Amino acid sequence: MALIPKLFGDMLAPSGLSDETKGMVNARVDWKETPEAHVFKVDLPGLKKEEVKVEVEDGRVLAISGERAAEKEDKNDKWHRVERSRGRFTRKFLLPENAKVEEVKANMEYGVLTVTIPKQEVKKPEVRAIEISG
């Protein structure tokens with residue numbers, strides 16, 4: 001399996017975040033390219049579609065963001081372990097030229113966000129020979 005290079009350096013967790021928020025900031029993303037489309041799958045367990053935002057910025061940057069709020073705590077509660085992540089997350093990807101950004105579709109099912117971006121044929125630039133005088 002070929003690894004996708006980090007084209008935009010995805011938005012990683014800022015160093016000042018606590019361990020409680022780093023996990024959600026680094027929401028795991030799979031990006032595959034099929035003959036027809038670019039398909040992103042993001043694991044967002046426990047989030048509702050209303051808590052997630054999918055946008056195309058600057059014409060070719062796919063931005064996926066959201067937030068999982070902390071649970072309300074009762075002062076009588078005694079926590080033994082807190083491993084589930086919470087807080088805000090943002091992931092950004094520079095899309096290739098062949099992405100039809102005006103036709104992006106997103107679907108959320110069973111805690112997995114699927115973003116599908118159809119592909120278009122990219123015209124190769126015309127090459128024209130220049131005569132050298134002299």
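In this text the structure is predicted, and so the values were computed from the model without any measurement.
- Between the NE2 atom of His38 and the OG1 atom of Thr116 there is a distance of 11.5 Å, given to the nearest 0.5 Å.
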**Q.** Stepwise side chain to side chain contact (heavy atoms under 4.5 Å, CB included) check, Val56 with Val104
**A.** CA-CA 9 Å; Val56 175; Val104 175; 4.0 Å; yes
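- More than 12 heavy atoms of other residues, nucleotides or ligands shown are found within 6.0 angstrom of CD on Glu50.
- In this structure, the side chains of Ser65 and Arg91 stay at 4.5 Å or more apart for every pair of heavy atoms.
- Here the closest non-hydrogen pair linking Pro118 and Ala37 is CA-CB, 3.9 Å.
- In terms of heavy-atom proximity, Gln120 sits nearest to Ala99 at NE2-O, 3.8 Å.
- Here the side chain of Asp58 pairs no donor or acceptor atom with the backbone of Arg60 at under 3.5 angstrom.
- Proximity of a side-chain donor or acceptor of Glu103 to a complementary backbone N or O of Lys100 within less than 3.5 Å is not detected.
- Between Phe93 and Phe40, the ring planes are tilted. Angles from 30° to 60° get that label.
- Note that CZ of Arg28 and CG of Asp30 are 10.5 Å apart. Values are rounded to the nearest 0.5 Å.
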With a cut-off of 3.5 Å and sequence neighbours excluded, list every side-chain donor-acceptor pair involving residues 123-134.
none

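- Using modelled atom types, no side-chain atom of Arg88 and backbone atom of Glu67 make a donor-acceptor pair closer than 3.5 Å.
- A 4.5 Å side-chain heavy-atom check between Leu47 and Met108 finds at least one atom pair inside the cut-off.
- For the pair Lys119 and Glu33, the salt-bridge criterion is met [side-chain N within less than 4.0 Å of a carboxylate O].
- Taking the side chain as every heavy atom from C-beta outward, Val42 and Val112 never approach each other to under 4.5 Å.
- Applying the ring pair (Phe, Tyr, Trp, His ring centres under 6.0 Å) test to pairs two or more places apart or on separate chains, none has a residue in residues 55-86.
- Residue Glu36 holds its CD atom at 14.5 Å from CD1 of Ile117, rounded to the nearest 0.5 Å.
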Q: Output, in order, the C-alpha distance, side-chain angles, deciding distance and verdict of side chain to side chain contact (heavy atoms under 4.5 Å, CB included) for Val115 and Leu62.
A: CA-CA 10 Å; Val115 179; Leu62 175 66; 4.2 Å; yes
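- Side chains of Asn107 and Leu113 form no contact here, defined as non-hydrogen atoms less than 4.5 Å apart.
- Between Val39 and Thr114, the closest side-chain pair of non-hydrogen atoms falls below 4.5 Å.
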